[in-house]
Structure formats: structure tokens, C-alpha cells
Novice: 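Take a look at this one; I'll ask things after.
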There are 2 protein chains.
Amino acid sequence: MDAIDLNLVDLLRGNARLSYAELARQVGLSAPAVHERVGKLESSGVIRAYRAEVEPETIGLGVTALIGIVEDSGADTDDVLEAFRGIPEIESCYFMAGVESFLLKARVGTIAELEQLIVRLNRTPGVASTRTGIALSTKWENRPQAVAPPPA
Amino acid sequence: MDAIDLNLVDLLRGNARLSYAELARQVGLSAPAVHERVGKLESSGVIRAYRAEVEPETIGLGVTALIGIVEDSGADTDDVLEAFRGIPEIESCYFMAGVESFLLKARVGTIAELEQLIVRLNRTPGVASTRTGIALSTKWENRPQAVAPPPA
DNA sequence: AGGTTGAGGTCGATGGCGTCCACGGACTGT
DNA sequence: ACAGTCCGTGGACGCCATCGACCTCAACCT
């Protein structure tokens, strides 16, 4: 993980579809060298995936909610986690410090669907209570912060 | 936005680096047709960006926090927003219903940096108070949920 | 009914790109 | 000094991106 690797990571976080040839130009190496570096970044787990970022409203997922979960005393956290994993509407799942063990980011199409989701969450074994906040608008999301040192 | 478009969106949310030729095979069209469809999805704003998803710890961003913001009564929300926009550690920013106007997802390297960030947030004009939750671990994040109808 | 138009597809060609391989220079430990 | 390793380059070859020409079908107008 030298400066060139960080540079590649920044470039790919900005645009995952850059060609190896273009990446090579940007970092000042040959295309095969970049190809090998990126391959290593992928197989070592630094780069987890390449994803298209989609405007959620346009694909029928216009409602975003953030949901805090309080577990039952004595609940099996792993079981709760597995139950959450099976719910596709839960896009992100953080295990938190504090009274609320989990914070979930969920995306659904309508408020009615959100209601159903909350009911389902409250019914899953191990969940004591939920607290839901609705995002009125998403100002930005997953903005990548640059990590490469500025070029000397 | 027909079924093929939704299919393309799902494919690219799963792997943004798929070639047009491969996408074409998956949806049963020719490569130029897919090229044109994807181009339209991009220019119409359905596809916002293509991003490499990186394991944050590996690039020195091991601390994730979720921060609720209460505004001063009479604060200018737009000004607060602009101030937040200038803070690179804030990866996501949601405008929320409820007492806390904003919910921020921030990523920093160390707890010390988080402390500095919170101080900075509390100092920005219009911010009355902050409430910070620390993510002990991220179970998953930005998991794409499929939107395409299953192939008949 | 027939002609026109436009959207959206296929096909073929071409230039650039991804990817494999052989080779070479710098660092390291002995 | 020397061998081994790492990491790079350059060349070669086949696939891919991308453009233009053409086709098809449906909607619409006259």
C-alpha cells in the first residue's frame, strides 16, 4: 500500500469504470503494472466491489429510513443479525455502542412498505423495540474522501 | 425504464466493471444496444456514478460514527448544510424528520480525530447540539437490493 | 390504406484496450 | 560479488468499445 496504490484507490472510488490504460496514465505507470496492482488490491480485500450508484427514486426506492434497534436482554445477537441479513430492504447494518445495538439504513418504495418493514422488525425474535427516523432528503451519500497524499 | 433497463441496473450495481459485451450476453441484446441503453441511464441520472467500494480500515478510516445534529432555533439550514459539505469526513448527509435535523455518517482514522470532528461540528454556526453513536462494526453497507423482475 | 417518421435494434469494421509473456533493473541477504 | 525477489517495461494478440449504415416495427398523418 504505497502512494500509488492509494492513488489508484482514490481514482477508482471516483470512477470505477476507468480503463487500466487511463489509470496507468494518471499514476504514471504502464497498463500491465496497474493491472497487477489493482488485482492485488482486489484479492487482498482492499477493494471489495465495484458498484454503480443509482438514484434510488428512479428505481422505485424513494423512501429512506434509519432505524435504531434495541435488543431484548438475553437476545442472541447473531440470530438477530441473521434475521436482518435476510431482509433485503436493509441496505446497511451497523453494530453500535449504546442502548441501540444496531442501526439500520433501509430503503423502500412507500411509507406503507416502511410500516410493514417496521412491523416485521418488531416481530423478529430478540428485538425489543425500534426507533425509526425518516430521511426527508438525502443531501449526499457515500461521498468518497480522498486518501492519497497530494502529488509532490 | 423497461425490464431490460432494470436488469442492467441490477447487473451494474453488482459489478460496475462488467464489459458491455458481457452485459449484452446477460440481457440478450447486442453490445451497441446495451451501450446506448447504459448511456441513457447515465445521462438521465438513473446511474449517478460508478464507485469502487473499499474496506475502510485498509485505507486508514477505521472509525465510523453516526451523528445526529440539532439545529439552533432560527438557524439557516442551507448555511449549516454548506458547512457540512466542506467537511470531507462526512460521507453521508441526510436531512431528517424529527428533532435532529441532520443525520451524518462520518469516517475518521482514530477516536482522537472523531473528537476533533465533533468539536468542529459543535462549533459550526447553527448547530445547537450533536449526538454521536460509534459503530463498533459494520456488518454490511450499501448492499444493493435487486429491482428487476425475475426472468419469466 | 399507404407513406413518413422516429425509436431502437443488428451487423460489420476498426482502432484501442486488456492481458499474457519474456525480459530487465534495483534491493536484499549471504 | 552474486543470486533471488520484486516490480516494473515493452511487445503481441485477441477481444472489446464504438461508429456508421442499414433494418424493423409501431405510431401517426393524410
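Quick note on labels: first sequence line is chain A, next is B, and so on, each numbered from 1. All heavy atoms count here, side chains included; hydrogens, waters and symmetry mates do not.
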Novice: Atom CZ of A/R17 and atom P of C/dG16: how far apart are they, to the nearest Å?
Specialist: 20 Å
Novice: When the distance from CZ of B/R37 to C1' of C/dT10 is rounded to whole Å, what number comes out?
Specialist: 14 Å
Novice: Using whole Å, report how far CD of A/E36 lies from C1' of C/dC21.
Specialist: 12 Å
Novice: Expressed in angstrom and rounded to an integer, what is the separation of A/L23 atom CG from C/dT19 atom C1'?
Specialist: 15 Å
Novice: Please report the distance, rounded to the nearest Å, between OH in A/Y20 and P in D/dC15.
Specialist: 18 Å
Novice: Assuming nearest nucleotide by heavy-atom distance, tell me which of A/R25 and B/P32 is located more 5' along DNA chain C.
Specialist: B/P32
Novice: Between D/dA17, C/dG9, D/dG8, which one does the side chain of A/A33 approach most closely?
Specialist: D/dG8
Novice: Can you find a pair of side-chain heavy atoms, one from B/R13 and one from B/V9, that are under 4.5 Å apart?
Specialist: yes
Novice: What is the separation between atom NE2 on A/H35 and atom P on D/dT9, rounded to the nearest whole Å?
Specialist: 15 Å
Novice: For A/L18 and A/E22, work out which heavy atoms get closest and say how close.
Specialist: CD2-CG, 3.9 Å
Novice: Rounding to a whole Å, what distance do you find between A/D5:CG and D/dC7:P?
Specialist: 10 Å
Novice: Between B/K40 and C/dA7, is there a contact of a side-chain N or O with OP1 or OP2 at under 4.0 Å?
Specialist: no
Novice: Would you classify B/S30 as touching base, sugar-phosphate or nothing, given that sugar-phosphate means primed atoms plus P, OP1 and OP2, and contacts are heavy atoms under 4.0 Å?
Specialist: base
Novice: Return the value, rounded to whole Å, for the distance between atom CG of B/L29 and atom P of D/dC23.
Specialist: 20 Å
Novice: Looking at side-chain heavy atoms only, is the closest gap between A/W140 and B/Y94 below 4.5 Å?
Specialist: no
Novice: Are the aromatic ring centres of B/F102 and B/F95 under 6.0 angstrom apart?
Specialist: yes
